[in-house]
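What follows is a set of notes on a single structure, which appears directly below.
Heavy-atom basis, side chains included; hydrogens, waters and symmetry copies ignored. Because the structure is predicted, anything quoted here is derived from the model rather than measured.
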Amino acid sequence: MDLAAGFPATTRDEWRALALAVLRKAGTETGDPEEALSSPTYDGVTLAPLYDADDLPAAPPFDRAEHAARAAGGWDVRQRHAVADPEAVLADLENGVTSLWLVVGDGAIAPGELGRVLKDVYLDLAPITLQAGRRTAEAAETLLALAAERGTPARGNLGAGAHDRDTAVRLALRCAAEHPGLRAITVDATPYHDAGGGDADELGCSIALGVGHLRALTDAGLGVEEAFGQLEFRYAATDDQFATVAKLRAARRLWTRVAELCGVGTGVTGVPGVRAGVGAAGPPGAQLQHAVTSSAMMTARDPYVNMLRVTVACFAAGVGGADAVTAQPFDACLGRPDAFSRRIARNTQALLLEEAGLGRVADPAGGSFYVERRTADLAERAWEWFQEIEAAGGIGRAAGLVSARVAATRERRAADVAHRRFPITGVSEYPDPGEKPPRRPRESGPWLASAAHDTDGGLPVIRYAQEYEELRDLADALPERPKVFLATIGPVAAHSARAAFAANLFHAGGLATETAGPGADPDQIATAFAVSGTTVACLCSTDRLYAQHAEAVATALRKAGARLVWLAGKGSYDGVDACLHTGCDALGVLRTTFEALEVAR
């Protein structure tokens with residue numbers, strides 16, 4: 001059945017002509033509609049408005065035949081635990097979780113508590129991944145001893161990393177010789193993401209880290225294939241769905257290229273992902289991937305929106321081909337997650353796997369013109385970055401280079417967040433000024449995955465929403481919420497749109513707003529302003545009414561005690577300090593307003 005049979009054939013040139021006509025009607029003068037409608041990512045990849053078969057790479061990097069193991073069982077549902085709570089661990093395993101990620105160290109699970117945490121866990125059925133930082137050797141010995149005591153093979157990953165290469169090598173040699181179901185090393189790329197880096201930054205650094213481990217392992221006597229078999233890669237999955245899909249696919253493409261250069265086969269034609277199945281080893285050079293929902297995208301304000309972010313991120317990780325996926329609880333920013341939030345986290349994956357059937361679809365993104373092109377372009381940018389790191393002497397000697405590159409990306413994104421070009425629902429957009437966030441115990445645990453990073457490399461840990469949330473916290477802590485007076489001019493129909501825009505912006509900083517109501521009399525508006533008890537006002541109306549009344553109203557407000565007068569819209573008027581408009585520096589507006597209200601930060 002040809003679904004396109006009833007439609008006339010069209011060409012790219014015909015689309016271009018129609019798009020050009022629409023743009024010109026909208027007042028955009030351009031000779032190239034594709035260029036006008038394209039947008040860049042933080043990685044330098046250009047996202048086009050239209051893709052077709054010409055955008056596919058010469059050899060499409062997808063092969064659905066390799067997904068037979070995945071189609072049989074889906075991905076590994078890996079839940080993270082940062083506190084010694086055996087009941088929570090068992091609740092997860094009894095309700096859909098298939099492996100555990102245990103954080104060991106100060107403020108988390110003590111190595112000596114692993115036996116109690118895993119008391120009723122069948123280690124041969126539930127793989128264990130450790131994250132223990134400087135206590136990796138101690139935690140690994142404890143887990144191996146526990147498995148030996150029970151006479152069962154250990155499965156999972158001991159979580160050794162770049163912070164202690166000697167420990168990583170020693171554990172890898174032991175795993176290769178004695179524990180075939182256990183890997184020793186986690187190549188964790190999430191610190192670069194959580195420091196504000198872009199996808200290419202994260203990918204290039206992960207490949208450089210992986211290559212560094214390969215060199216150390218082979219120098220220690222492991223064969224090349226054995227060395228590849230000791231690594232597992234961890235990436236962040238975000239609510240930017242297609243970016244996450246492309247990133248995970250590009251990661252496998254890059255690692256496949258490394259394997260090819262090392263003379264190791266991957267069992268893969270092209271450069272797609274390889275599904276090893278839960279706990280399976282897969283072909284020797286295949287990249288084993290663990291995707292964890294992004295810590296940087298999580299918000300402490302309107303935290304229930306995090307459920308939606310995490311759902312999209314898990315979906316993208318599944319479509320992108322992750323072998324294991326961790327969904328962070330929606331309240332992880334607030335403190336220790338409770339039983340409800342842990343249940344929602346695991347059920348998010350259960351729904352995707354069992355109700356949506358996502359794990360039964362073989363390479364669902366394979367062959368998409370857009371996804372294939374974006375994957376190829378991202379892989380190219382990441383490979384260039386990897387080569388730059390290698391030219392600097394490898395990841396161990398390129399700390400300054402890496403830090404500078406991540407900082408540059410972080411600053412570009414921060415500017416977009418400040419100007420609300422990178423919107424954060426419930427924080428910079430559509431905030432709830434009367435919100436009462438749920439309370440969680442403020443124990444000293446690394447509840448967000450980013451809180452457990454080893455920061456020896458000097459990388460910061462950020463969240464995109466944090467600067468808005470700091471202002472919200474400041475406003476909430478005051479005996480009375482700071483207020484901005486909205487000097488609405490004219491009838492409701494004239495001022496409502498800009499009043500709503502201004503209120504939304506001020507609420508993003510935790511400021512209350514009070515509206516003058518309909519009317520254009522400067523004295524009446526000034527009287528209402530004086531009664532409000534604030535010292536900051538914002539004019540809200542149409543351009544036509546601004547021309548008639550803005551200067552008179554601003555002058556009256558000044559006489560009534562206004563220290564700062566904003567205007568919602570654009571234009572220059574006597575008495576108006578500055579304008580609020582789409583694309584303005586919202587964080588700058590809020591900080592200036594706080595200063596005018598004499599609220600110390």
Under 4.0 Å between a Lys/Arg side-chain N and an Asp/Glu carboxylate O for [X] and [Y]?
X: E138; Y: R135; value: yes
X: D338; Y: R439; value: no
X: D323; Y: R78; value: no
X: R373; Y: D377; value: yes
X: E467; Y: R591; value: yes
X: R301; Y: D473; value: yes
X: R481; Y: D476; value: yes
X: D199; Y: R381; value: no

Would you say that [X] contacts [Y] through its side chain, given a criterion of any heavy-atom pair below 4.5 Å between the two side chains?
X: Q287; Y: E232; answer: no
X: V310; Y: F330; answer: no
X: L334; Y: P438; answer: yes
X: T293; Y: C314; answer: yes
X: D331; Y: R336; answer: no
X: L352; Y: W75; answer: yes
X: P153; Y: H179; answer: no
X: R183; Y: L288; answer: yes

[X] to [Y] - nearest heavy-atom pair and separation:
X: C333; Y: R463; answer: SG-CD, 3.7 Å
X: H453; Y: V461; answer: CD2-CG2, 4.3 Å
X: L203; Y: A382; answer: CB-CB, 3.6 Å
X: W385; Y: A200; answer: CD1-O, 3.4 Å
X: V103; Y: P446; answer: CG1-CG, 3.9 Å
X: H507; Y: T513; answer: NE2-OG1, 3.1 Å

Establish, from distance only, whether the side-chain atoms of [X] and [Y] form a donor-acceptor pair under 3.5 Å.
X: S206; Y: Y235; value: yes
X: Y370; Y: R374; value: yes
X: D188; Y: T186; value: no
X: H81; Y: D92; value: yes
X: T326; Y: Q79; value: no

Rounded to the nearest 0.5 Å, what's the gap from [atom1] on [X] to [atom2] on [Y]? Could you check?
X: T136; Y: L171; atom1: OG1; atom2: CG; result: 7.5 Å
X: D302; Y: D432; atom1: CG; atom2: CG; result: 6.5 Å
X: D120; Y: L90; atom1: CG; atom2: CG; result: 5.5 Å
X: L100; Y: L93; atom1: CG; atom2: CG; result: 4.5 Å
X: D239; Y: M297; atom1: CG; atom2: CE; result: 5.0 Å
X: T129; Y: L102; atom1: OG1; atom2: CG; result: 8.5 Å

(request) Might you confirm whether atom CZ of R440 has over 12 heavy atoms from other residues, nucleotides or ligands at distances under 6.0 Å? (result)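 Above 12, so yes.
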(request) With sequence neighbours excluded, tell me which residues meet salt bridge (Lys or Arg N to Asp or Glu O under 4.0 Å) with E429. (result)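 Here the qualifying residues are R420.
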May I ask you to decide if the ring planes of [X] and [Y] are parallel, tilted or perpendicular, using 30° and 60° as cut-offs?
X: H290; Y: W101; result: perpendicular
X: F228; Y: W255; result: tilted
X: F422; Y: Y42; result: tilted

(message) Which residue in the set D43, T375, L378 passes side chain to side chain contact (heavy atoms under 4.5 Å, CB included) when paired with K247?
(response)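 Filter result, single survivor: L378.
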(request) I would like to know whether K119 and L114 meet side chain to side chain contact (heavy atoms under 4.5 Å, CB included); could you show each step before the answer? (result) CA-CA 8 Å; K119 178 176 180 294; L114 283 174; over 6 Å; no
(request) Compute both the distance and the angle, then confirm whether R80 meets the cation-pi test with W447: under 6.0 Å from the six-membered ring centre, within 45 degrees of the axis. (result)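 No cation-pi geometry.
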(request) Under the side chain to side chain contact (heavy atoms under 4.5 Å, CB included) rule, what do L182 and L144 come out as? Steps first, then yes or no, please. (result) CA-CA 10 Å; L182 191 63; L144 292 173; 3.6 Å; yes
